[in-house]
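I have placed the structure first, in the form of structure tokens, so that the comments after it can refer back to it.
We name chains A, B, ... by the order of the sequence lines, and we start the count at 1 in each one.
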Amino acid sequence: MEQFFEFFNENLILIYLLIFTIVLGFEVISKVPTVLHTPLMSGANAISGVVIIGAILLIRQATPDDYLTLSLGVIAIILGMINVVGGFAVTDRMLEMFKKKK
Amino acid sequence: MEQFFEFFNENLILIYLLIFTIVLGFEVISKVPTVLHTPLMSGANAISGVVIIGAILLIRQATPDDYLTLSLGVIAIILGMINVVGGFAVTDRMLEMFKKKK
Amino acid sequence: MGFSFIINLSYLVGAFSFVWGLRLLSSPDSARRGNIFAGIGMGVAIVATMIMPLVDAANNYAWILGGMAIGGIIGLISARRVQMTSMPQMVSIFNGLGGACAVVLAMAELNNYYAGINEMSLGAVGIALFTLFIGGIAFTGSLLAFAKLEGLVWDSTVTLPKHNIINMILLVVTLTLGIYLFLNDSLTLALVFMALSLVYGFSFVAPIGGADMPVVISLLNSFTGLSAAAAGLIYGNNLMLVGGILVGASGTILTVLMCNAMNRSLFNVLIGGFGGSAAAGKSLDGDQVAKSVNINDAAIQLFYSQSVIIVPGYGLAVAQAQKVCKEVDDLLEANGVDVKYAIHPVAGRMPGHMNVLLAEADVPYPKLLDLEEANAALKSTDVVVVVGANDVVNPSAEDDPASPIYGMPVLKVWDAKTIIVLKRSMRPGYAGIQNPLFFHEKNKMLFGDAKDSLSKLASEIKTL
Amino acid sequence: MGFSFIINLSYLVGAFSFVWGLRLLSSPDSARRGNIFAGIGMGVAIVATMIMPLVDAANNYAWILGGMAIGGIIGLISARRVQMTSMPQMVSIFNGLGGACAVVLAMAELNNYYAGINEMSLGAVGIALFTLFIGGIAFTGSLLAFAKLEGLVWDSTVTLPKHNIINMILLVVTLTLGIYLFLNDSLTLALVFMALSLVYGFSFVAPIGGADMPVVISLLNSFTGLSAAAAGLIYGNNLMLVGGILVGASGTILTVLMCNAMNRSLFNVLIGGFGGSAAAGKSLDGDQVAKSVNINDAAIQLFYSQSVIIVPGYGLAVAQAQKVCKEVDDLLEANGVDVKYAIHPVAGRMPGHMNVLLAEADVPYPKLLDLEEANAALKSTDVVVVVGANDVVNPSAEDDPASPIYGMPVLKVWDAKTIIVLKRSMRPGYAGIQNPLFFHEKNKMLFGDAKDSLSKLASEIKTL
Amino acid sequence: MKLAVFKELNDQRVSIIPASIPKLLALGVEVLVEKSAGKEAFYDDQEYKEVGAEIVERSFLLSNADVAISIHPLAEKERSLLSSSCLLVAEFQPFNQTDISQKLKETNFQALSLDMIPRTTLAQSMDVLSSMASISGYKAVLEAARLLPRYFPMMITAAGSIRPAKVLVLGAGVAGLQSIATARRLGAMVEAFDTRSAAKEEVKSLGAKFIEIEGATEDTGAGGYAVAQSEDFLKRQREEVQLRASKSDIIITTAQVRGRKAPLLVPTSTVEKMKKGSVIIDLAASTGGNCELTKNNELVNHNGVFIYGDSNLASKMPQDASQLYSTNLLNFIKLFIKEGNLQLDLENEIIKSALITKDAQ
Amino acid sequence: MKLAVFKELNDQRVSIIPASIPKLLALGVEVLVEKSAGKEAFYDDQEYKEVGAEIVERSFLLSNADVAISIHPLAEKERSLLSSSCLLVAEFQPFNQTDISQKLKETNFQALSLDMIPRTTLAQSMDVLSSMASISGYKAVLEAARLLPRYFPMMITAAGSIRPAKVLVLGAGVAGLQSIATARRLGAMVEAFDTRSAAKEEVKSLGAKFIEIEGATEDTGAGGYAVAQSEDFLKRQREEVQLRASKSDIIITTAQVRGRKAPLLVPTSTVEKMKKGSVIIDLAASTGGNCELTKNNELVNHNGVFIYGDSNLASKMPQDASQLYSTNLLNFIKLFIKEGNLQLDLENEIIKSALITKDAQ
Ligand SMILES: NC(=O)c1ccc[n+]([C@@H]2O[C@H](COP(=O)([O-])OP(=O)(O)OC[C@H]3O[C@@H](n4cnc5c(N)ncnc54)[C@H](OP(=O)(O)O)[C@@H]3O)[C@@H](O)[C@H]2O)c1
Ligand SMILES: NC(=O)c1ccc[n+]([C@@H]2O[C@H](COP(=O)([O-])OP(=O)(O)OC[C@H]3O[C@@H](n4cnc5c(N)ncnc54)[C@H](OP(=O)(O)O)[C@@H]3O)[C@@H](O)[C@H]2O)c1
Ligand SMILES: NC(=O)c1ccc[n+]([C@@H]2O[C@H](COP(=O)([O-])OP(=O)(O)OC[C@H]3O[C@@H](n4cnc5c(N)ncnc54)[C@H](O)[C@@H]3O)[C@@H](O)[C@H]2O)c1
Ligand SMILES: NC(=O)c1ccc[n+]([C@@H]2O[C@H](COP(=O)([O-])OP(=O)(O)OC[C@H]3O[C@@H](n4cnc5c(N)ncnc54)[C@H](O)[C@@H]3O)[C@@H](O)[C@H]2O)c1
């Protein structure tokens with residue numbers, strides 16, 4: 001318990017930030033028209049590709065002869081990159097439909 | 001400049017928090033129907049009465065014979081309390097109108 | 001550790017309640033809950049501040065509780081007593097007091113610092129000065145806004161010639177002094193700085209028209225928020241910081257929204273001058289003034305009433321607004337409002353003109369009241385909406401023997417609780433005579449093409 | 001100091017761009033900008049991560065750039081190639097890969113930890129296990145969702161008897177293992193834990209109906225977000241944390257919204273079972289299936305088309321939907337869509353029935369096309385909306401000599417690009433014969449009372 | 001005081017209906033009604049009796065009336081039978097019967113002409129011209145629809161498509177406006193024209209199309225009435241009308257100018273441009289007609305185009321027409337009969353206008 | 001092959017209008033049209049000639065026709081002048097003229113009866129009953145509005161308020177529905193009744209009120225036609241109608257049962273309960289009328305209530321009526337004239353129904 005209290009008190013601002021981020025996540029989406037559900041899902045999915053940053057860090061910190069880590073890292077990078085690039089690109093294609101006429 | 005960088009790097013999460021708070025402030029309000037403008041203004045005003053916390057801290061930290069600080073503090077508390085209590089009460093009265101019929 | 005956890009948690013709860021409360025406040029259904037939610041959060045935060053452990057603190061609880069009791073009672077009573085119509089004034093004065101509170105705090109801290117009681121970093125001094133400045137503007141500005149709304153001052157008397165230039169100079173002088181104070185300590189000069197800020201707040205609001213006051217109050221409200229946030233920085237208090245910033249941000253965006261709703265830009269409002277005339281109305285005999293109402297107030301009045309009577313006139317026909325009119329009717333009926341139509345025999349330009357129109361819009365016959373039925377029903381009607389009618393609702397026909405229509409039976413719309421007249425201007429109707437109804441105390445004008453106004457009303461009602 | 005400021009600032013910009021991008025994404029006008037905005041933020045963040053100073057780092061840029069190039073190209077090409085109709089599948093698979101990425105990362109970190117290469121706090125181990133679990137579910141769940149949407153698997157074949165109970169047991173086993181791993185180090189068990197998570201993800205999605213897949217994808221998307229956030233905690237990376245949490249929160253709320261739009265609860269969807277039948281349609285001759293369309297897809301199709309032809313029939317009259325129909329027309333016209341009405345000579349139940357109705361709704365005469373004009377115009381029409389008509393749009397009249405109406409001229413709505421039929425059921429019309437149009441590949445059914453459907457369409461179009 | 005209600009000789013209407021009698025009696029007068037005065041308007045003598053009127057022979061009326069009420073003025077011969085103190089109330093049409101007030105004054109009668117009530121807002125409840133014009137306008141369309149061998153509304157049917165009838169309304173006064181409204185109701189496409197500038201807005205307020213012809217003369221002092229137009233303008237108007245007429249199925253003309261012959265808007269050449277089976281209803285027939293071929297109260301068939309002139313169509317809807325007339329009259333009578341006595345207040349704007357036997361004139 | 005278009009003797013319509021001639025010629029036939037056949041429907045002989053028809057005398061027609069086309073059947077005397085190979089096309093009404101097919105068969109004629117075309121979706125483009133009934137329904141309202149001494153729409157005017165007319169429509173077939181639509185357009189309040197259960201929805205689909213009377217008999221095998229009702233039901237119906245009638249200004253009756261006398265829905269007692277000036281239009285007049293007092297093609301005034309019976313109102317709108325009729329006929333003729341030859345395909349559902357001189361019968 002004490003540990004938890006300590007963690008809480010020490011990371012107070014981070015916790016504020018997390019809670020506010022959650023509220024913001026809710027708030028931003030809560031009034032979206034149904035037609036945008038799919039593109040929005042797709043856009044959010046692309047953002048979740050931010051996990052690729054972890055993969056970059058993993059490789060950068062790996063020793064150059066740690067081939068296991070490096071290979072895992074590269075796989076992670078490939079997967080993450082597909083998610084990021086594909087995600088944004090596919091969202092963009094979906095949203096092309098929304099171009100205002102004239 | 002260095003000072004600023006230092007401040008920035010040290011208070012990074014606080015800055016995230018502030019920026020997210022600002023975005024949240026925008027976001028929460030941005031789709032409000034015009035009929036709610038006045039009650040919302042009033043509610044926000046009541047929240048700005050949070051400054052009273054400063055007044056409490058001022059008095060609590062003052063030495064008991066520092067009458068100047070104490071008086072200033074009491075004035076601040078009175079002003080702040082009017083803002084808080086009056087603010088919430090008046091907002092509530094305005095919002096009574098919105099009670100759904102039946 | 002555990003106790004400070006509780007304090008921190010309380011603050012977190014407070015901050016969250018502010019955010020969530022504001023969120024709830026922005027939808028009519030949940031607004032009241034939101035207000036209560038934020039209020040409870042505030043209460044939790046105040047209690048937490050009272051009991052939080054402070055090293056070497058004298059606490060002085062008696063002073064605090066005394067002050068809180070006095071302030072609380074004053075706040076509660078004035079909130080209870082205020083007339084519904086004076087709400088904006090009340091908000092303004094409350095806001096001013098919040099600003100004043102920040103000013104007092106900052107001054108006290110600075111004083112303690114100059115007196116050597118406290119220590120303050122350079123940043124903290126700067127922040128205190130900022131608090132002083134912005135809180136001061138919020139304070140006096142709000143007071144003047146209050147006075148204007150209460151009709152205690154005339155717009156003209158508080159405006160100096162070349163007021164905007166004077167304001168600019170005042171601002172520059174004040175800010176220069178602020179920078180000087182940032183670098184040099186001086187209690188006297190700090191007091192002067194405070195005084196200048198207060199004067200500037202006054203002078204800033206002075207040229208802005210009375211009708212624009214709500215916008216100004218909203219802006220000053222966000223100033224108070226910022227000053228609270230700044231004070232939060234001084235005290236290293238997260239809740240003040242977050243709450244203040246939140247109010248600062250939402251107040252700013254709200255100000256912009258209010259300007260948009262009036263079809264003006266914020267700049268336009270603040271530069272003032274012509275702002276005053278926007279809703280001042282046109283005068284009859286040079287002294288009477290017709291009040292105008294904006295779409296959202298009209299919508300809310302209609303939506304929350306029990307019974308509405310619509311009085312169509314030639315203007316409805318000209319605007320071809322019959323279908324939108326029916327739409328508004330349907331929307332209101334869907335919310336349980338009883339809507340009827342009062343048809344004056346000579347409304348329009350041919351016998352049965354209104355009947356033709358309303359039949360086109362499929363208004364069922366039983367909703368139509370003729371003159372006698374209508375005059376009986378009007379007495380117990382909450383809101384009358386006069387849509388492009390004029391002569392047929394002219395009270396001169398009743399009470400002004402000199403009027404060319406004296407003796408003609410008219411629709412006594414003034415028997416209803418409130419009247420809203422939709423027309424484009426103050427121009428007279430077919431008979432070419434002035435209509436004192438427009439200046440009736442119960443009446444508000446909704447200027448604009450009837451079709452336009454009604455469709456705006458419809459979309460507004462849909463948001464409720 | 002200055003350099004790390006730039007890195008920090010880049011991350012801040014990245015985080016802000018995610019928030020703001022999502023915000024822009026939630027309104028049709030700005031959605032595209034929002035996506036680009038978030039994409040740029042992501043780019044900035046990736047570059048910052050590449051160049052940020054790391055103590056003792058080997059960097060291994062070649063590996064990184066190589067991986068990025070491969071992934072980028074695959075992503076880009078598949079995004080380009082995918083058919084418009086297969087978008088949801090694509091999103092699903094992308095999302096699965098994101099989850100897989102998180103799984104790989106967590107596994108690598110755990111491996112390094114178990115191998116003694118890295119140090120990890122107990123909390124970090126817990127977080128890595130969480131990442132493994134939730135990322136694993138997102139991975140396999142998304143793959144199965146993809147397969148279901150592509151029609152690669154039948155709903156029934158992937159459901160075991162008592163599937164929900166099996167799922168429950170699997171979940172408990174996995175979680176228990178997770179807790180054990182939290183307290184005891186074991187690479188083998190960690191791999192088993194990963195495998196179990198992957199199996200659970202598969203099994204979790206298995207019983208859910210094909211039509212509910214979008215909801216599931218959205219939920220899995222928020223899982224991926226959470227796993228990214230958890231990975232962010234491992235690496236102490238603010239941006240991953242904030243971005244992941246943001247996606248987690250908005251994904252969750254989006255999932256709920258999607259369920260609401262389908263008039264179902266999330267629980268209901270996840271328990272699955274009957275979900276599959278919701279949009280399966282009714283079959284003719286036991287094998288043909290009529291596709292149904294939901295209101296928002298119909299609205300968007302209409303809104304973004306160039307030309308629309310409305311075919312009114314007896315159902316329009318029965319529903320008395322003529323005025324709402326005109327409202328939809330007006331809304332579309334206001335957006336530059338060309339709207340016409342195709343009047344079949346025998347539509348309705350008396351000669352000129354449709355004329356009477358449309359005149360009542362004030363549809364101008366020039367908007368009405370008779371049979372010949374309509375059949376000419378239909379060829380270049382984007383969307384045909386058949387409102388309660390049936391016999392008059394029956395292709396049997398053209399191509400089925402056995403049909404009792406063979407030889408009657410009908411409206412060839414199938415010449416248009418897409419067809420939407422509004423009616424309440426699959427019941428036949430006056431002539432009492434089946435209508436193959438409903439099973440036409442271009443056709444979608446919008447079931448429900450015509451007035452109801454049209455007014456829902458109208459409100460949906462207004463939000464666009 | 002005895003109020004005498006005469007039976008109309010060439011009109012189905014009656015000036016006072018039973019429902020108005022009690023309100024008249026409340027003014028302190030006796031009401032004598034001629035036998036079967038209301039018969040053709042579907043008001044029986046019995047109904048009159050029930051509400052307190054006395055049913056009498058015409059001769060009795062003539063010799064006893066203090067106020068003689070009728071729609072059409074009594075003939076000179078009958079007038080001579082009245083006591084000269086008798087107040088005459090009827091539509092004397094002094095603008096068309098220019099010698100009437102002279103004649104009446106010679107015989108010392110006082111006469112209130114209903115058609116001289118000013119067209120002001122205040123007087124509208126007494127304005128028989130408005131109520132009757134409104135009926136005429138409505139009836140004109142029904143008459144046209146009856147004569148037209150075609151449908152009014154558009155019909156897309158299995159036996160082919162019928163395009164909507166086109167109606168052209170010339171003169172958008174009260175009658176014209178009501179025609180517009182009625183024709184639109186029946187599904188026709190309507191265009192209208194008038195010289196008064198206010199008419200444009202009024203026509204549009206009924207959803208019809210207004211035809212613009214530049215250069216109309218207007219006189220705001222004419223009390224809302226139109227004034228005569230220059231020959232040049234009328235020529236241009238006729239050209240424009242001809243253009244529209246050839247595309248129209250129905251023309252309804254109502255254009256009148258007070259105290260003058262009705263303007264000629266549809267010459268024979270225009271009629272000849274019209275399609276076979278088309279119909280012209282001329283409500284200005286009594287003042288000469290807006291169509292050259294109009295014969296008052298007659299149906300003319302000119303090469304397959306029907307021209308029907310009738311300025312008194314209201315009499316074809318006698319029940320409602322009488323009801324409205326009676327209410328108008330009642331409102332008017334209240335102005336000058338107070339507590340059983342005649343009180344002709346010459347200061348009153350309405351009385352002043354209606355009294356066509358003032359000394360000044 | 002010569003197609004003969006006869007002039008109608010007691011009808012303003014014509015069976016074929018000039019616009020249809022080219023399409024007939026395209027079928028490979030010659031078209032002979034009787035002199036001034038279309039005159040009363042506003043189609044001149046000149047127009048027929050221009051599109052390629054031959055204008056001839058009736059006697060010439062009789063001796064040369066291969067297909068004799070008319071709306072009303074030719075009289076027996078004239079029929080005898082035709083060659084017996086001539087195909088007769090007209091409305092023979094075999095359900096009412098029960099001996100007609102016998103007589104025709106005796107003289108070896110083949111005859112297609114237009115009123116026997118089935119009421120199916122496919123046949124609708126040939127269904128003259130529908131097009132004519134639709135016109136009758138429309139005209140019935142116009143006729144009623146002309147006869148009614150009151151306004152249809154509600155009017156709140158300075159001379160008092162006029163309540164909207166109430167219209168009761170009995171029988172909501174094609175004619176009834178069109179009456180409902182037209183009366184509603186004019187601003188009346190409309191209620192309707194029919195025995196067919198589908199009629200309820202149909203009436204409501206036009207925005208009118210449907211009167212519910214329980215217990216109607218229905219026969220889905222009757223091809224959409226109503227069947228005779230039990231005496232008990234008819235009694236209850238009459239009671240309900242009486243109740244409504246006393247509040248109605250107008251009753252339009254269209255109730256017919258194939259092959260029987262029209263049901264009696266409005267007995268004299270009901271008429272006597274109605275207000276003075278009310279109007280009854282009886283479109284079932286030719287089969288005896290739905291109203292007891294109906295006289296076919298006559299206007300009866302019963303105590304101030306007008307009863308007008310006319311089953312052939314379509315002929316009062318001859319131009320459009322002929323156009324629709326002609327299109328229907330053209331569509332029908334295409335069924336059995338192919339490349340200039342007569343091809344009576346007895347397998348065809350429509351021909352089979354319309355051919356009243358089949359051997360089987
Ligand atoms: N019923 C008849 O038979 C008949 C015939 C002839 C004359 N009149 C006379 O007409 C008058 C009728 O009275 P009323 O009250 O119906 O009409 P009114 O007194 O003429 O007033 C109509 C009002 O509508 C307003 N208006 C015009 N267009 C508008 C638009 N597009 N949107 C909003 N407002 C619009 C005008 O004010 P703004 O310009 O400021 O917008 C005007 O003041 C009476 O005086 C009556 O005597 C009646
Ligand atoms: N024009 C005439 O003179 C006339 C006269 C008599 C008969 N007919 C015949 O009527 C037919 C007309 O064709 P049509 O296409 O207009 O009509 P239809 O073929 O009768 O089809 C009407 C369709 O509307 C749907 N519907 C009914 N109520 C509805 C509601 N409230 N909301 C949505 N849909 C509703 C029904 O399907 P659900 O039940 O599934 O909703 C029905 O399939 C032809 O067969 C024609 O021959 C015409
Ligand atoms: N105050 C009231 O309440 C009231 C009531 C009824 C009518 N009015 C007014 O009285 C006036 C007369 O109405 P009315 O119906 O008795 O008019 P009217 O019968 O005298 O004339 C009919 C119409 O013909 C038009 N006209 C004349 N010459 C024409 C020409 N050459 N071409 C085309 N049109 C021509 C006139 O402008 C008028 O609109 C109108 O202004 C009307 O608004 C006022
Ligand atoms: N398939 C098609 O395209 C098509 C076209 C036109 C008509 N129809 C159908 O043909 C049928 C007959 O139509 P119609 O207009 O020729 O009918 P009709 O002239 O034979 O009869 C008129 C109406 O009177 C009604 N009626 C009979 N007895 C009654 C009673 N006692 N009380 C009240 N009402 C009574 C009938 O139900 C009918 O609706 C209808 O079902 C109609 O829908 C079909």
CG of D:Leu105 to CG of A:Leu72, rounded to nearest 0.5 Å, is 9.0 Å
Between A:Val51 and D:Ala231, the two heavy atoms sitting closest are CG2-CB, 4.2 Å
So what's closer than 4.5 Å to chain A heavy atoms on D:Asn111: side chain, backbone, both or neither?
side chain
Among the listed options A:Thr38, A:Val50, A:Leu68, the residue most often paired with chain D at heavy-atom distances under 4.5 Å
A:Val50
Report the option among D:Gly225, D:Gly251, D:Ser218 that has the most heavy-atom pairs separated by less than 4.5 Å from atoms of chain A.
D:Ser218
Distance check, rounded to the nearest 0.5 Å: D:Ile74 atom CD1 versus A:Ile82 atom CD1?
4.0 Å
Residues 33-44 of chain D side chain polar contacts: donor-acceptor under 3.5 Å, at least two apart:
unit_1: D:Asn35; atom_1: ND2; unit_2: A:Phe88; atom_2: O; d: 3.0

Report the distance from atom OG of D:Ser142 to atom CG of A:Asn83, rounding to the nearest 0.5 Å.
9.5 Å
Between A:Met41, A:Arg60, A:Met81, A:Gln61, which has the largest tally of heavy atom pairs under 4.5 Å with chain D?
A:Arg60
Counting heavy-atom pairs closer than 4.5 Å to chain A, which one of D:Ala69, D:Gly232, D:Gly72, D:Gly66 comes out on top?
D:Gly72
Please classify the contact between D:Met68 and chain A as side chain, backbone, both or neither, with a heavy-atom cut-off of under 4.5 Å.
both
Working to the nearest 0.5 Å, report the span between CD1 of A:Ile56 and CG of D:Asn60.
12.5 Å
Take D:Leu54 and A:Leu57 through the test side chain to side chain contact (heavy atoms under 4.5 Å, CB included) and record every step on the way to the result.
CA-CA 9 Å; D:Leu54 284 182; A:Leu57 291 177; 4.3 Å; yes
Looking only at heavy atoms and a cut-off of under 4.5 Å, which of A:Val84, A:Thr91, A:Leu24, A:Thr69 has the most pairs with chain D?
A:Thr91
Find out whether D:Asn112 and A:Asp66 are in side-chain contact, i.e. whether some heavy atom of one side chain is under 4.5 Å from a heavy atom of the other.
yes
In this structure, CD1 of A:Ile77 is separated from CD1 of D:Ile70 (nearest 0.5 Å) by 10.0 Å
Give, as side chain, backbone, both or neither, the part of D:Ile93 having an atom under 4.5 angstrom from any heavy atom of chain A.
neither
Atom pair OG (D:Ser27) and CG (A:Leu36), whose distance is rounded to the nearest 0.5 Å:
7.0 Å
When you compare the side chain of A:Ile52 with that of D:Thr49, does any pair of heavy atoms fall below 4.5 Å?
no
Closest non-hydrogen atom pair between A:Asn45 and D:Asn221, with its separation:
CA-OD1, 3.1 Å
Under 4.5 Å from any heavy atom of chain D - which part of A:Ala62:
both
With sequence neighbours left out, write down each residue that passes ring pair (Phe, Tyr, Trp, His ring centres under 6.0 Å) with D:Phe16, or none if nothing qualifies.
D:Trp20
Considering only residues two or more places apart or on different chains, which pairs with a residue in residues 231-254 of chain D satisfy side chain to side chain donor-acceptor pair (under 3.5 Å)?
D:Tyr11-D:Asn237, D:Glu109-D:Tyr235
In terms of heavy-atom pairs under 4.5 Å with chain A, the winner among D:Arg80, D:Met87, D:Arg23 is D:Met87
Flag the one option from D:Asn59, D:Val104, D:Ile253 with the top tally of heavy-atom pairs under 4.5 Å to chain A.
D:Asn59
Chain A interface, residue from D:Val256, D:Val82, D:Leu254 that has the most non-hydrogen pairs under 4.5 Å
D:Leu254
Residue among D:Met52, D:Met107, D:Met90 with most heavy-atom pairs under 4.5 Å to chain A:
D:Met52
If every non-hydrogen atom of D:Leu25 is compared with every non-hydrogen atom of A:Gly43, which pair is closest and at what distance?
CD1-CA, 4.0 Å
Quick one: which of A:Ile59, A:Thr21, A:Val74, A:Val85 has the most heavy-atom pairs under 4.5 Å with chain D, could you say?
A:Ile59
Specify the closest pair of heavy atoms between D:Ala79 and A:Gly86, including all atoms of both residues, with the distance to one decimal.
CB-O, 3.8 Å
For chain A, which residues of residues 240-249 of chain D have heavy atoms nearer than 4.5 angstrom:
D:Met240, D:Leu241, D:Val242, D:Gly243, D:Gly244, D:Ile245, D:Leu246, D:Val247, D:Ala249
Minimum heavy-atom separation for A:Ser48 to D:Ala228, with atom names?
O-CB, 3.8 Å
